[in-house]
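Throughout, a chain's letter reflects where its sequence line sits, starting with A, and its residues are numbered from 1. Values below: every heavy atom of this structure, side chains too, minus hydrogens, waters and symmetry copies.
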Amino acid sequence: MAKKPNKLKARLPRGFVDRTAEDIRATDELTAKIREVYERYGFDPIETPAFEYTDCLGKFLPDTDRPNAGVFSVQDDDEQWMSLRYDLTAPLARHVSENINEIQMPYRTYRNGWVFRNEKPGPGRFRQFMQFDADTVGAPGVQSDAEMCMMMADVMEALGLKRGQYVIRVNNRKILDGVMEAIGLGGEDDTERRLNVLRGMDKFDKFGAEGVRLLLGVGRKDESGDFTAGVGLAEAHIDAIVEILEANSLDDLVDYSDGLTFKTKALSTLTANDNFEAGFNELKLISDLVRTAGYDKDRISIDPSVVRGLEYYTGPVYEAELLFDVTNEKGDVVQFGSVGGGGRYDGLVKRFTGRDVPATGFSIGVSRLITALKNLGKLGTDDVIAPVLVTVMDGDTEGLTRYQKMVQDLRAAGVRAEMYQGNWKKFGNQLKYADRRDCPLAIIQGSDERAAGEIQIKDLIEGKRLSAEIEDNVTWRESRPAQVTIKEANLVDTVKTLLAQQDEDRQRQREA
RNA sequence: GCAGACGUAGCUCAGUUGGUUAGAGCGUCGGAUUGUGGCUCCGAAGGUCGGUGGUUCAAAUCCACUCGUCUGUACCA
């Protein structure tokens, strides 16, 4: 026995997926709905390429030792490092900066595309995924942040989500900055600790108040025994932060009636500062704007516990969260978290231009949304009907032209149709193919039908239903269930009628 | 990145203290049925036991390393 030749193993790089017809159709449907909302709000599309020079993307500068940490990078032929984009915000900042003299501000723009992250993949977490962003560049007022929140809420409903199935949560980074300042972490050299406090607060959903206390204090050990170092804050300061996280609304924390006073115990001991005041006042303004526009707190909720880890946010931050249970393939309920978020980033364009260009915007995680919506049955993935199959009984030239003509007549009438392209001599295989492909109808014309100027149309869906009642194969074959004989001239009309009937049946079943 | 679990046919999984030719179900393909899907029956193909190295007369089984998957955690611009 000869050794097998070493075959090359076909394999997908980890963290990447092939997308099926179903996935692609679902994505198209979803992005079309999102786009419609953005357009209605007066946003215009822009597209930037997948690659950018690495230094333009942000914190990975050319002198970084590992340009592939977190991003996928390659070296151009002139030795410059280029990277695949890891979000759509940094490329937008680059585009705006490069064209700042031509762009009419405020610039309202949206875009969707693939982004890439070179990090550990997990279930529902890939190294290539799609985002769909909207941003307003050059508008400093919180009214544009309020608009973003309302637009996100409208997107959720355009996707078919009902009140109570989602919520847009809003906070202001200045409030958190104010807290940091008040507890003595406002200085330059406390950047790292500040960041760790924010990260700890961000875990409130996951670990609850107790977990956050540990992370802000002495540190936390997880189930596997791995230890996360704590920030080591004082008890009183941790109390204040937990009060913020546990608050359900602004009114729980602050009294606006007489200047600005804190209502809760630990917060009251902190001294107010400019950041605090600006943060709370901006949040109040956003709240007033969206409430007056008719968005109640079941759609847009002012929630001081929203953090968002990103360092570049400078003001309002917001995220869209799904409130219904999402189950995975195994049927377990998974913590789904947010499907989109954003905020104000006033410093991003300044990096390139030196000019103050305020901006705010958000990103929707299309891939994650699809997973969740599929689960909820909100994506009509089964409404693409497989083609009508024209079977082949005579494979000579004359026969093939006849069958091909039928197919073209059907196509011209707008019916999805195809001629069997496999080995026509095994007729059983043709119907088996049609069955597995979920074809609604099969068109059959052999020499007998041909001589009589007739065609047989087999309803494969009805036939499948009838098969349950027939047990022996001879009867099954000879009774030719759900099959009609028609005149050649009536082919297109009859096919359309039968398809329409099947469609009605489907509607009825869906309603039942 | 850190910690743990796991890796046997396309899929789901058996495989005894290390011992002949590594099995089953499902799926795939062929036939019964050369002009009719499903059911039933018969038959076949399909395996570097994740990879490499080691211990041993002998390794799917034990050891080391490595790759991959899953869980938790960290990071997530």
Side-chain angles (χ1 to χ4, degrees), chain A residues 3-7 9-15 52 54 56-61 64 66 69-71 83 85-91 93 115-123 125 127 129 195-196 199-200 202-203 206-207 211 215 219-229 308-313 328-330 332 334 345 348 351 363 389 391-394 423-439 442-450 456 458-483:
Chain A
K3 261 193 181 170
K4 277 193 184 171
N6 273 338
K7 280 179 292 189
K9 187 167 183 186
R11 56 201 185 107
L12 195 59
R14 84 194 165 97
E52 295 280 348
T54 306
C56 288
L57 283 181
K59 70 182 186 183
F60 292 97
L61 300 167
T64 305
R66 296 173 55 217
V71 296
S83 300
R85 62 187 174 193
Y86 52 75
D87 69 11
L88 297 176
T89 309
V115 301
F116 304 83
R117 294 191 185 177
N118 190 2
E119 39 184 55
K120 180 183 145 185
R125 206 176 148 158
R127 297 206 288 175
F129 55 98
L195 215 54
N196 282 332
R199 285 169 189 154
D202 211 12
K203 297 284 187 292
K206 215 169 177 179
F207 301 147
L215 284 172
R220 179 180 181 277
K221 192 185 274 191
D222 70 46
E223 293 142 50
S224 71
D226 202 25
F227 183 74
T228 309
R308 301 202 57 77
L310 283 64
E311 297 157 75
Y312 62 59
Y313 289 132
N328 63 13
E329 315 80 49
K330 291 180 200 154
D332 304 327
V334 293
Y345 51 97
L348 226 48
R351 284 192 307 136
S363 177
L389 184 75
T391 60
V392 175
M393 282 203 166
D394 296 306
N423 178 9
W424 63 274
K425 289 184 179 170
K426 305 215 183 239
F427 188 71
N429 284 350
Q430 301 198 35
L431 288 183
K432 198 189 257 184
Y433 169 84
D435 188 42
R436 295 198 181 165
R437 197 152 159 43
D438 288 324
C439 292
I443 311 299
I444 303 167
Q445 189 189 47
S447 49
D448 297 349
E449 292 86 359
R450 166 79 179 136
Q456 303 226 17
K458 192 179 188 68
D459 184 331
L460 292 161
I461 296 170
E462 178 67 3
K464 182 174 291 204
R465 206 178 57 74
L466 292 174
S467 79
E469 295 155 20
I470 304 172
E471 276 173 24
D472 78 297
N473 191 252
V474 177
T475 312
W476 162 245
R477 292 170 70 175
E478 289 178 354
S479 67
R480 296 189 175 176
Q483 201 164 322

Looking at the base of G35(B), is there any donor atom on it, or on the side chain of Glu449(A), that sits under 3.5 Å from an acceptor on the other one?
yes
Distance between C1' atoms of G51(B) and C67(B) (Å, rounded):
7 Å
Side chain of Lys458(A), base of U36(B): donor and acceptor closer than 3.5 Å?
yes
Pairing stems for RNA chain B [at least three consecutive pairs; Watson-Crick or G-U; under 3.5 angstrom]:
B:1-7 with B:67-73, B:10-13 with B:23-26, B:28-32 with B:40-44, B:50-54 with B:62-66
Report yes or no: does Thr228(A) contribute a side-chain atom to a donor-acceptor pair with the main-chain N or O of Gly219(A) at less than 3.5 Å?
no
Tell me whether the NZ or CZ atom of Arg220(A) lies within the 45° cone about the ring axis of Phe207(A) and under 6.0 Å from its centre.
yes
For a quick check of understanding: with a heavy-atom distance under 4.0 Å over all strands, which category does Tyr345(A) fall into, base, sugar-phosphate or nothing?
nothing
Rounded to whole angstrom units, what separation is found between the CG atom of Leu431(A) and the C1' atom of G35(B)?
10 Å
Candidate nucleotides G35(B), A74(B), A77(B), ranked by approach to the side chain of Ile444(A) - the nearest:
G35(B)
Hey, could you give me the CD1/SG distance between Ile461(A) and Cys439(A), rounded to the nearest 0.5 Å?
9.5 Å
Using the closest heavy atom to pick a nucleotide of RNA chain B for each, name whichever of Pro121(A) or Met393(A) lands nearer the 5' end.
Met393(A)
Can you check the distance between G30(B) and U71(B), where both ends of the measurement are the C1' atom (answer in whole Å)?
44 Å
May I ask you to say what Asn473(A) touches in the nucleic acid, namely base, sugar-phosphate or nothing, with a heavy-atom cut-off under 4.0 Å?
base
With hydrogens left out and only the distance checked, is there a donor-acceptor pair under 3.5 Å joining Arg125(A)'s side chain and the base of C76(B)?
yes
Quick one: does Arg125(A)'s side chain get under 4.5 Å of Glu119(A)'s, heavy atoms only?
yes
Measuring from Trp424(A):CH2 to Asp394(A):CG, what's the distance to the nearest 0.5 Å?
6.0 Å
Euclidean distance for C1', G27(B) against U33(B) (whole angstrom):
22 Å
Base, sugar-phosphate or nothing for Asp438(A)? Non-hydrogen atoms, less than 4.0 Å.
nothing
Looking at A77(B), G30(B), U36(B), which one has an atom nearest to any side-chain atom of Arg117(A)?
A77(B)
Can you check the distance between A64(B) and U55(B), where both ends of the measurement are the P atom (answer in whole Å)?
15 Å
Base, sugar-phosphate, or nothing for Gly463(A), non-hydrogen atoms under 4.0 angstrom?
base
Rounded to the nearest angstrom, tell me the gap between atom NZ in Lys206(A) and atom C1' in C76(B).
11 Å
Report the distance from atom CD1 of Ile443(A) to atom P of U36(B), rounded to the nearest whole Å.
18 Å
Under 4.0 angstrom between Trp476(A) side-chain N/O and G37(B) OP1 or OP2
yes
Between G4(B) and A9(B) - C1' atom distance, rounded Å
29 Å
Looking only at atom C1', what distance separates C70(B) and A24(B), rounded to whole Å?
25 Å
Checking G37(B), A77(B), G35(B) against the side chain of Val71(A) (C-beta onward), the nearest is A77(B)
Mind calculating the distance between CG (Asn429(A)) and P (C29(B)) to the nearest angstrom?
8 Å
Arg436(A) side chain near U28(B) phosphate (N/O to OP1/OP2, under 4.0 Å)
yes
For the pair made of CG in Leu195(A) and C1' in C76(B), what is the distance, rounded to whole Å?
11 Å
To check you understand the geometry: which heavy-atom pair defines the closest contact between Arg127(A) and Pro121(A), and what is its length?
CG-CB, 4.3 Å
Lys203(A) side chain: which of A77(B), A74(B), C39(B) is closest?
A74(B)
Within the structure, does a side-chain N or O atom of Arg477(A) lie under 4.0 Å from either OP1 or OP2 of U33(B)?
no
Length of the line joining Leu460(A):CG and U36(B):C1', which is rounded to integer Å
10 Å
If you look at every heavy atom in Ala90(A) and Leu57(A), which pair is closest and at what distance?
CB-O, 3.6 Å
Please report the closest heavy-atom contact between Glu52(A) and Pro91(A), naming both atoms and the distance.
OE2-CB, 3.5 Å
NA contact type, Leu466(A), heavy-atom cut-off 4.0 Å: base, sugar-phosphate, or nothing?
nothing
How long is the span from the NZ atom in Lys432(A) to the NZ atom in Lys426(A), to the nearest 0.5 Å?
10.5 Å
Quick check on C76(B): is either OP1 or OP2 less than 4.0 Å from any side-chain nitrogen or oxygen of Arg199(A)?
yes
Nearest-angstrom distance, C1' atom, C13(B) to C6(B)
14 Å
Using a 4.0 Å heavy-atom cut-off, does Ser447(A) contact any base of the nucleic acid, only the sugar-phosphate backbone, or nothing at all?
base
U40(B) and G1(B): how far apart are their P atoms, nearest whole angstrom?
49 Å
Locate the shortest heavy-atom distance separating Leu215(A) from Gly200(A); write the atom from each residue and the value.
CD1-CA, 4.1 Å
Report the nucleotide, chosen from G31(B), G68(B), G37(B), that has the shortest atom-to-atom distance to any side-chain atom of Lys426(A).
G31(B)
Record whether the side chain of Lys120(A) comes under 3.5 Å of the base of G72(B) through a donor-acceptor pair of N or O atoms.
yes
Measure CD/Glu471(A) against P/U33(B) and give the value in whole Å, please.
20 Å
Does U36(B) have OP1 or OP2 under 4.0 Å away from a side-chain N or O of Lys464(A)?
no
Between the CG atom in Asp448(A) and the CE atom in Met393(A), the distance rounded to the nearest 0.5 Å is 9.0 Å
I need the NZ-C1' distance between Lys425(A) and G31(B), as an integer number of Å.
19 Å
Any donor-acceptor N/O pair under 3.5 Å between U36(B) base and Glu478(A) side chain:
no
